[in-house]
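It should be emphasised that the depicted structure is a prediction, and the values quoted were computed from it without experimental measurement. To find a chain, count down the sequence lines: A is the first, B the second, and so on, and within it residues start at 1.
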Amino acid sequence: MILQDTLTQLILAHYPEAESSDIQCTVPPTPELGDLSIPMFLLAKRLRKAPALLAGEAAREIDFSQIAESATAAGPYLNLTLKRGSFAQQLLAQALAKEEKWGSNGIGKGLQVLIEHTSINPNASPHVGRGRCAMIGDSLVRLLRFEDYEVDVHYYVNDMGRQIGLLVLMMEEVEKASFDEILDIYVKANARAEADPEFAARGYELLARIEAGDEEVRRRFFEVTEMCLQGQLAVLRRIGARYDFFDHESDYVNDPRIAEVEKALENKGALFTDEEERRVVDLSKLGHALEEGRYFVLRRANGSSMYGCRDIAYSIMKHEKGADLNLMVLGEDHKLYAQQLALILEAAGYPAPETIYYSYILLKDGKMSTRGGKVVLLDDVLNQATALALERVTEQFPGLDERERVDIASQVAVAAIRFAVLRVKSTKNVVFDMQSALSFQGDTGPYIQYCCARIRSILRKWDAALPDCDSFVPEFQEEAEWRLVLKTAEFPDVVKDALNQRSCAGIGNYLLDLAHAFTSFYHECPVLTAQSTEQRMSRILLCAAVLQSLTNGLALLGIDAPERM
RNA sequence: GCCCCGAUAGUUCAGUGGAUAGAACGAGCGCCUCCUAAGCGCUAGACACAGGUUCGAUUCCUGUUCGGGGCGCCA
């Protein structure tokens, strides 16, 4: 809140024993009570007074005239009615001066972040569940960069799993297959491995050979995985996800860091060879309390490495980059695994990355399964959404040239899907429903874009320069416009909360609130035809500031707002 | 069996110990000679259950029920 510092100072000056953390502003439940509210519970506890008495005392004794028209006690709450003009002037000046940085608190200045997300197995076109990871990760990246962190985005290419081996075998039988056919082939490969142990064994054999350094096999794997990866990235690009580094699992097979960690584990008596010649970590020696997940296999009996073994080397490599934050977005199915890996890394003296989990997107009749071919592909959803949006835009703007209509349609499609996914907390299971994913009405991304388009339309018609905030004190008499001012002022705090929570969900929900507040304003307060010059000037500035908040917020979610729609 | 998430209107979601629990979809009624109706206004509708901690609990703790995830050679 813009006034938080001033407010805290005023109160601390009167109650020197208080701490600034005792003073937390909230918004009163109804506008009649005031613009800002300070619950006195914490302060009352500190000062050993009754909250209601303290509120009354503070309202009488502290001089808030610098920022407020009035201060009144309502039970244990101290409510302030702000001086609208100076508050709005400060807010608008800030928002319009900071432009695309408005809302940033600059928390990450001078700090570096390494984040890994998406990292889909290169075996099929991504389904919407995988898309959830990409959207969550990508938005987090945007949020971190907005807060001035320097961010490197890593993508771990799992290019040597068992299922990749099976895929390679199948691909060699079908001659030349395109990316679109991969899912089908992958499903068949898994079904065949299930039914035919000899086929499955050939997959393992390929793995063993790649691990032994067989360059020819490695080349065959690379051909398939690279084709898949490029196909997947093309889909991910459609929703705006970008990556800086692609790290290949196969580069870590014989990494010396693994031996180093094995040594450390041996020293702690946590590594042993079991009765069937596997190399196993006993995590109970490292502080793991439960029987569940106590054992972690590093190597098969034939000496070949498990996924987790290579991941040890990869994790250390990431740590060695020396970033201040080391983040990773993972599916909830990786929770136990990540805890196990963390124990192993810590035992060898390396900190584990900070993990952010997301839950599955389910279908109405159960969970998705790439192996079973029971998936809703992100690409298909995007295609359908784009086609629908194009119809709508064409209806609305028949005269617009096709190029622009297609651009708008794809922006709307991305907004619909990204917003629907990102506004929900990542720990919740969501049931995918095509109908609501394709809806552009109500609490959706397109609704917010539409709100932006309306503001832009007003700004286009305003043919003068915007008033200068430094010399002009705006006035906002109407409740709808004042509520919009207050809502706009919340933006920087919303961004800060999102960063602390490592989740952009709150930003999405805030943008809906702001868009609703704007639409009420739009219907009640004419801008271009307002009665007085002061009103017109005040409102056009407010429009510009709201647009800046909306577009900045949408940008954090990876959503563009078209000029018109 | 054990461990980790989740449970809020008919439905999809907000709400990180505070005032009268917010939206949207769906349902009903109304609004385009007026800055874009992808919109707005009005009506009806909810904290799974039982205890506990607290001045105060949808929020924290325990138990129950239901849904999701996980639990040694998949990644």
Side-chain angles (χ1 to χ4, degrees), chain A residues 26 28-30 33 37 39-41 44-45 50-51 74-77 79 119 121 123 158 160-164 204 249 274 276-281 289-302 304-308 310-311 331-337 339 357 359-360 362 366-367 371 389 392-393 395-397 412 416 420 423-425 427-431 433 435-436 439-444 446-451 453-462 497 500-501 505-506 508-510 512-513 516 519-520 522-530 539 543 564-565:
Chain A
T26 62
T30 58
L33 289 167
S37 180
M40 301 304 273
F41 304 100
K45 195 164 196 175
Y77 297 89
N79 294 329
S119 304
N121 287 338
N123 55 23
N158 304 131
M160 57 168 301
R162 184 191 85 105
Q163 80 281 57
I164 303 300
Y204 278 115
E249 187 181 346
D274 77 357
E276 292 173 50
E277 297 297 308
R278 301 171 270 208
R279 294 292 278 169
V280 181
V281 185
L290 298 166
E291 193 55 29
E292 171 214 5
R294 175 175 167 185
Y295 298 105
F296 189 92
V297 177
L298 286 184
R299 291 181 188 281
R300 301 178 177 97
N302 68 6
S304 67
S305 63
M306 298 282 291
Y307 175 81
R310 297 159 234 147
D311 208 4
E332 62 178 343
D333 51 333
H334 285 66
K335 269 187 194 175
L336 176 62
Y337 168 77
Q339 284 167 23
Y357 295 103
S359 298
Y360 283 23
L362 307 171
K367 59 177 287 196
R371 277 182 210 186
R392 184 71 185 79
V393 181
E395 201 176 289
Q396 180 99 338
F397 303 105
V412 169
R423 71 176 289 226
V424 179
K425 273 191 308 196
T427 48
K428 281 210 180 188
N429 282 127
V430 303
V431 177
D433 172 34
Q435 192 140 29
S436 59
S439 168
F440 305 147
Q441 285 175 9
D443 281 356
T444 63
Y447 171 78
I448 299 168
Q449 290 178 310
Y450 182 67
C451 184
R454 283 174 143 182
I455 300 177
R456 290 197 155 118
S457 168
I458 295 173
L459 288 168
R460 276 196 303 274
K461 288 174 181 160
W462 178 272
D497 283 351
N500 290 336
Q501 294 179 35
N509 288 299
Y510 167 76
L512 280 177
D513 278 357
H516 280 125
T519 319
S520 301
Y522 180 85
H523 283 273
E524 288 171 40
C525 307
V527 179
L528 302 172
T529 58
R539 287 177 182 176
C543 282
R564 66 193 90 229
M565 63 182 279

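Partner assigned to B:rC40 is B:rG30, using Watson-Crick or G-U wobble distances below 3.5 angstrom. Of all nucleotides present, only B:rC71 satisfies the Watson-Crick or G-U wobble test against B:rG1, with each distance under 3.5 Å.
Comparing B:rU11 with B:rG45, their C1' atoms sit 12 Å apart, to the nearest whole Å. Taking atom C1' on both B:rC66 and B:rA24, the two are 26 Å apart, rounded to the nearest angstrom. Spacing of P atoms, B:rG22 relative to B:rU65, comes out at 33 Å, to the nearest Å. Rounded to whole Å, the C1' atom of B:rG56 lies 40 Å from the corresponding atom of B:rG1. B:rG67 and B:rA75 have their P atoms separated by 31 Å, given to the nearest Å. Comparing the P positions of B:rG15 and B:rG26 gives a spacing of 23 Å, expressed to the nearest Å. Across B:rC47 and B:rA37, the matching P atoms stand 37 Å from one another, rounded to whole Å. Rounded to whole Å, the C1' atom of B:rC55 lies 32 Å from the corresponding atom of B:rA23.
Residue contacts shown for A:V281 are absent, as no nucleic acid heavy atom lies under 4.0 Å away. Residue-level contact check: A:R279 touches neither bases nor backbone, having no heavy atom under 4.0 Å from any strand.
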For nucleotides 71-74 of chain B, give me every protein contact, N/O to N/O, under 3.5 Å, one pair per line with atom names.
residue	atom	partner	partner atom	Å
B:rC71	O2'	A:G293	N	3.3
B:rC73	O2'	A:R300	NE	2.6
B:rC73	N4	A:E276	OE1	2.8
B:rC73	N4	A:R278	NH1	3.3
B:rC74	OP2	A:Y204	OH	2.2

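Between the side chain of A:N79 and the backbone N or O of A:S37, no donor-acceptor pair lies under 3.5 Å. In this structure, A:R564 contributes its side chain and A:S457 its backbone to no donor-acceptor pair below 3.5 Å. Between the side chain of A:N123 and the backbone N or O of A:I164, no donor-acceptor pair lies under 3.5 Å. No donor-acceptor pair under 3.5 Å is formed between the side chain of A:T529 and the backbone N or O of A:P526.
The side chain of A:S520 has B:rG41 as its nearest neighbour among B:rG69, B:rG41, B:rC5. Closest to the side chain of A:T519, from the set B:rG68, B:rG39, B:rC5, is B:rG39. Across B:rG39, B:rA19, B:rG6, the shortest atom-to-atom separation from the side chain of A:S37 is found for B:rA19. Ranking B:rA19, B:rG70, B:rA23 by closeness to the A:D443 side chain, first place goes to B:rA23. Comparing B:rA14, B:rA19, B:rC35 by their closest approach to the side chain of A:P29 singles out B:rA19. Among the nucleotides B:rA37, B:rC13, B:rA75, the one closest to the side chain of A:R310 is B:rA75.
The base of B:rA19 is paired with the side chain of A:N79 by a donor and an acceptor separated by under 3.5 Å.
The existence of a salt bridge linking A:K335 and A:E332 is excluded, since no basic side-chain nitrogen approaches an acidic carboxylate oxygen closer than 4.0 Å.
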Could you walk me through whether A:H516 and A:Y447 pass the ring pair (Phe, Tyr, Trp, His ring centres under 6.0 Å) test, one step at a time?
CA-CA 9 Å; A:H516 280 125; A:Y447 171 78; 4.9 Å; yes

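Within the structure, a side-chain polar atom (N or O) of A:K428 is placed less than 4.0 Å from OP1 or OP2 of B:rA14. Here A:R456 does not reach the OP1 or OP2 of B:rC35: none of its side-chain N or O atoms lies under 4.0 Å away. Taking only side-chain nitrogens and oxygens, A:Y447 comes nearer than 4.0 Å to OP1 or OP2 of B:rC40. Note on A:S457: a side-chain N or O is less than 4.0 Å away from OP1 or OP2 of B:rU36. Of the side-chain N and O atoms in A:K425, none sit less than 4.0 angstrom from OP1 or OP2 of B:rC5.
Residues A:M565 and A:H334 both approach RNA chain B. Their nearest nucleotides, taken by heavy-atom distance, put A:M565 toward the 5′ side. Ranked by how close their nearest RNA chain B nucleotide is to the 5' end, A:C525 and A:V431 are led by A:V431.
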